[in-house]
Amino acid sequence: MEAYNFKEIEKKWQDKWQDEPAFKAVDFHPTKPKYYILYEFFNVSGGLHMGHLKGTVPSDALARMKRFQGYNVLFPIGGDAFGLPAENAAIKAGVQPQQFVVSGLENALSQTKRIGLSFDWSRTICTSDPEYYHWTQWIFLQLYKHGKAYKTKGYVNYCPSCKTVLSNEDSQGGKCDRCGSDVIQKERWVWFLKMNEYSEKLLGNVDRIQMAEHLKEAQRNWIGKSEGMQVSFKVVNDKNDEVGNFEIFTTCIETIYGITFMVLAPEHDLINKWLPFIKNKNMVEKYKNDTAKRSALDRMADQKQKTGCVLEGIFAVNPVNGKKVPIYIADFVLAGYGTGAVMAVPAHDQRDYEFAVAHNIPMIQVIEGDCSKCAVEKKEYLVNGAKLINSEEFSGLSVKEAKNKISQKLIEMKLGKKQINYKMTDWPFNRQRYWGEPFPIIFCPHCGEVPLTEKDLPLVLPIVKDYKPNEHGDSPLSKAKNWMNIKCPICGRDAVRESDTMPNWAGSSWYWLRYVDPHNDKCLADYEKLKYWGSVDVYTGGTEHITRHVLYAFFWQNFLYEIGAVPSRDPFAKKYGSGLLLDDQGKKMSKSSANGVSPMQVIDEYGADVARLHLHFLSGFEDNVPWTYNGISGITNFIDKVWNLQSIIKGEEVTDKHRIDLNRLIKKVTEDYEEFKPNTAIAAMMSFIKMIKEDSYISKEELRIFLILLNPMAPHITSEIYERVFGKNIVNENWPKFDPQCLETESVEIPVQINGKKARVITVNRNVSQEKLLELIKQKYPELFADGKVIKKVIYVPNKIINIIK
RNA sequence: GCCGAAGUGGCGGAACGGCAGACGCACACGACUCAAAAUCGUGCGGGAAACCAUGCGGGUUCAAAUCCCGCCUUCGGCACCA
């Protein structure tokens, strides 16, 4: 028989699959149940790398298996094309982003085909197509109309290199997610989406989704729920006249008698209001300016040196005892969290302690413990049963009791209320860049913000020559005068458009909905179709998106649900995070670090089936794994053996000898594909082939079943052999079922332990009784009992193990 | 600092209370060959053996890589969150 020519054969099948009807999802299929498998769409800023192979192939395998199992499978793909990555790549290549994206997506998709992925190509979308971003803009318009989008001046993360505002999600660790520069805080006009309002609902999504616990934990930490008290403090001048008040948030109200100073974030608005009463205005202004200049990273780097500036001439009054304490501004207090102000209890909070030491502020201890070297914090006093001291009528109470009673007292005084805060902030949604969705908003000097009407959508991004960001951080669109200047639709006078664009996460925050109905020009997707396809059954992609894209997705889906545009709050029922593919230095393979091994290189040399199998035999789906060619010969060997099965076909039906192995294989492979464990599925198939080789024959029925089992991971070779042997296209086959009666052999090998140590192995009939088994052991291995010791106890796990205790 | 995950042969990794090292790579020997490659076969944690072995030290259990407690190391996430 001729050798397996993967080049010719893989090409043949890939061409066939371009238009394979079996891979097309059918809306409202009359008989088949639906199954929606989603792989994160490609960011169109470079070609594919091996990392994409790691993510896509097990999803493809699941899609192929589900089709065999009789499901109506939706397995689509598309391009995430707007945003900084694509724009920066276009700048680097010196071409227009429009051009760059079209060729980039085409390239990515053609590479995808060469991996043998069975996407439904008829549903391909691209976020920078007006047909698509029409609906991204429509969603923004709905957010705006429902009060979930607002423009305000605020301090936000800003990347001086990309010259644009960034969200917290885009500047994790104080570094720009795109270019790695240090992020600074800048006051700018910002479009915010009210994501914080959705915190509790997002926690609901996190609870309901099926996902690895550590990923859920990462999301919960990011949302950062904490329960405490919000308390109002009066502000007085040095003559004791009340000049204002402010609110603080605390989770440790039990320490309120320990307050010796108060701290506001330097950006806090009220400071300007109090300025007339502040005696050291210059120092205060200077501190505010210094803070503004420091990058987020700088601020974090000096955690031990707590800087700050006292507001001379005004004081805060402790509501429980009337005590006057100084007020500071300091950059360790964050403007964006809670109320941007805190009560400082140096005896019981380490940051307050360090600040007090640095600024020579006294301490008052109010909970038992040793505060001489550092603060006694809640993680200590909450567990050791310490009691309150120096706290008037609350002294002597346990912390838990005091928490309740002090809260109660403040609530009765109408100065406090229970409050839940979340770390997750509202989403800064505009970028001063060209390559994104234009905002459907007009600014009129007379009418203010005027949203476009829905029939004006899509608002098409104009093609401009100079689209690079400029030094002042103005948006490139502001220079496109013809586009910018417009008559106000209300009053008809001169007005301008919003010149900022949306961030690259906008288009990806709803794309799974569009696959359901990709060409609808009446709405984002037909409601009945959305109902039919429901939540994505299995969503796969990188874990690095877990606290960004996935949370944005939850947010938009909740909003769209609330306005009746989609039928469910949950975009995804189950999420698997694929591990990273690393280079030989242990670094992540990515387009940005240019260390990616091209999958095309591997496919050219070994073929797509070998590439698919090798990569997924290397490690588990969720594990990070360094790319290596080591071991690939084991896979080529396996593929050759599979090809050569054609020459040892004998008989039609499954032989008795192979029946159990085959049924076990069906069970194992089915479960492993379902659970994203391709590595052990492949191992099981190798073992099966080993057994077949030993026996030197395979019946037609065994071959048929084996080919179907292997097809999801190695679709090309299995399709070819199937066609040659059975004269049909394998895609129309049914997934084999195992017979539960045929999983077990009649005899079993049982390890015999003496006092917990393995001594012998005995082969007996399945389901033998303990008495009978013991008798057989005594007969066969009398030497184990030669010492004459009495058997004290026997533990027998049927068909598994027997342990004899003497 | 906080949260999380993981430490198993020369290597990638199985098993996740019940025979540790499945499956593969590498290696060694043998067959085929004039020879080599490819292929096939055999062996392959350590130890002469009793035994010892799943990062280290304890514990629970008839039985622990697996469960519990305390360390160490590595990786990932968050990071002054009041």
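Here is how names work: the chains are called A, B, and so on, in the same order as the sequence lines, proteins then strands, and each is numbered from 1.
- Between the side chains of A/Lys323 and A/Thr260, not a single donor N or O lies within less than 3.5 Å of an accepting N or O.
- Nucleotides B/A64 and B/A49 have their P atoms positioned 24 Å apart, rounded to a whole Å.
- Separation of atoms CD1 (A/Ile689) and CD1 (A/Ile698) is listed at 5.5 Å; rounding is to 0.5 Å.
- One distance of note links CH2 of A/Trp222 with CE of A/Met424; it measures 10.0 Å at 0.5 Å rounding.
- Looking only at atom types and distance, the side chain of A/Glu377 has no donor-acceptor partner in the side chain of A/Gln350 under 3.5 Å away.
- For A/His614 and A/Tyr606, the distance between ring centers is not under 6.0 angstrom.
- Judged by distance alone, with hydrogens and angles left aside, A/Lys758 brings a side-chain donor or acceptor within reach of the base of B/C19, the pair sitting under 3.5 Å.
- For the pair A/Asn221 CG and B/C80 P, the interatomic distance rounds to 14 Å; values are reported in whole Å.
- Distances were taken from every side-chain heavy atom of A/Lys690 (C-beta onward) to each of B/C23, B/C3, B/A82; the shortest belongs to B/C23.
- Separation of the C1' atoms belonging to B/C11 and B/A38 is 24 Å when rounded to the nearest angstrom.
- In this entry the base of B/G9 is syn relative to its sugar, with a glycosidic angle within 90° of 0.
- Remark: A/Arg351 is not positioned above the aromatic ring of A/Phe332, lacking an NZ or CZ atom under 6.0 angstrom from the ring centre and at most 45 degrees off the axis.
- Judged as a salt bridge (charged side-chain N to carboxylate O under 4.0 Å, His left out), the pairs with a partner in residues 663-672 of chain A (not counting sequence neighbours) are, in order, A/Lys667-A/Glu671, A/Lys668-A/Asp672.
- Two residues are said to be in side-chain contact when any heavy atoms from C-beta on lie closer than 4.5 Å; A/Phe621 and A/Thr540 meet this criterion.
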Give me the distances for all protein-to-nucleotides 64-71 of chain B N/O pairs that come in under 3.5 Å?
none

Apply salt bridge (Lys or Arg N to Asp or Glu O under 4.0 Å) to A/Lys677 and A/Glu622, showing your working. CA-CA 9 Å; A/Lys677 294 180 181 164; A/Glu622 299 198 325; over 6 Å; no
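- When the P atom is used for both B/C72 and B/C56, the distance is 15 Å, rounded to whole Å.
- Counting only Watson-Crick and G-U wobble pairs whose two distances sit under 3.5 Å, RNA chain B takes part in these stems of three or more pairs: B:1-7 with B:72-78, B:10-12 with B:23-25, B:27-31 with B:39-43, B:55-59 with B:67-71.
- Here the nucleotide nearest the side chain of A/Ser633, chosen from B/G77, B/C25, B/A82, is B/C25.
- Comparing the C1' positions of B/G45 and B/A20 gives an interatomic distance of 10 Å, to the nearest angstrom.
- The residue from A/Met685, A/Met686, A/Met713 that alone fulfils the side-chain contact (heavy atoms from CB on, under 4.5 Å) condition with A/Leu613 is A/Met713.
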What are the atom names and distances for every N/O pair under 3.5 Å that joins the protein to nucleotides 41-52 of chain B?
| from | atom 1 | to | atom 2 | distance (Å) |
| --- | --- | --- | --- | --- |
| B/C52 | OP2 | A/Lys757 | NZ | 3.4 |

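- Take the nearest nucleotide of RNA chain B for A/Asn755 and for A/Lys379: the residue whose nucleotide is more 5' is A/Lys379.
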Taking distance alone, no hydrogens or angles, what donor-acceptor pairs closer than 3.5 Å link side-chain atoms of residues 632-645 of chain A to residues at least two apart or in another chain?
| from | atom 1 | to | atom 2 | distance (Å) |
| --- | --- | --- | --- | --- |
| A/Thr636 | OG1 | A/Ser633 | O | 2.9 |
| A/Trp643 | NE1 | A/Glu2 | O | 2.9 |
| A/Asn644 | ND2 | A/Asp640 | O | 3.1 |

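- Distance from the side chain of A/Ala683 is smallest to B/A22 among B/A22, B/C62, B/C81.
- Between the C1' atom of B/A82 and the CD atom of A/Gln350 lies a distance of 14 Å, rounded to the nearest Å.
- Between A/Tyr337 atom OH and B/A79 atom C1' there is a gap of 13 Å when expressed in whole angstrom units.
- Atom CZ in A/Arg220 sits about 11 Å away from atom P in B/G4, given to the nearest Å.
- To the nearest 0.5 angstrom, A/Arg612 atom CZ is 10.0 Å from A/Ile682 atom CD1.
- Proximity of A/Arg760 to the phosphate of B/C19: no side-chain N or O atom is located under 4.0 Å from OP1 or OP2.
- Within the model, atoms CD1 of A/Ile364 and OG1 of A/Thr255 stand 11.0 Å from one another, a figure rounded to the nearest 0.5 Å.
- Summary of the strand contacts: A/Ala218 and A/Asp349 both lie near RNA chain B, and taking for each the nucleotide with the nearest heavy atom, the more 5' one is attributed to A/Ala218.
- Side-chain contact annotation: A/Ser226 with A/Tyr422, donor-acceptor N/O pair under 3.5 Å absent.
- B/U73 and B/C27 are spaced 36 Å apart, taking the P atom of each and rounding to whole Å.
- One interatomic measurement links the two molecules: CE of A/Met713 to P of B/C23, which rounds to 19 Å at whole-angstrom precision.
- Nearest nucleotide to the side chain of A/Val761, out of B/A82, B/C19, B/G77: B/C19.
- Distance check on atom P: B/G21 versus B/G9 gives 14 Å, rounded to whole Å.
- With hydrogens and angles left out, the side-chain atoms of A/Tyr576 and A/Glu675 include no donor and acceptor closer than 3.5 Å.
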Summarise how protein sits on nucleotides 8-18 of chain B as a single string, 5' to 3': B when a protein heavy atom is under 4.0 Å from the base, S for sugar-phosphate-only contact, - for no contact. ----BSS---B
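- The C1' atoms of B/U54 and B/A15 are separated by 11 Å, rounded to the nearest whole Å.
- What separates CG of A/Asn799 from P of B/C19 is a distance of 14 Å, to the nearest Å.
- B/G77 atom C1' lies 17 Å from atom NZ of A/Lys216, rounded to whole Å.
- Contact annotation for A/Lys641: backbone-only contact, meaning every heavy-atom pair under 4.0 Å involves sugar-phosphate atoms and none involves a base.
- Atom CG in A/Leu665 sits roughly 14 Å away from atom C1' in B/A22 (whole-Å rounding).
- Looking only at atom types and distance, the side chain of A/Glu40 has a donor-acceptor partner in the side chain of A/His545 under 3.5 Å away.
- Comparing the C1' positions of B/A28 and B/C44 gives a spacing of 8 Å, expressed to the nearest Å.
- Contact annotation: A/Asn637 side-chain N/O to B/U39 OP1/OP2 distance is under 4.0 Å.
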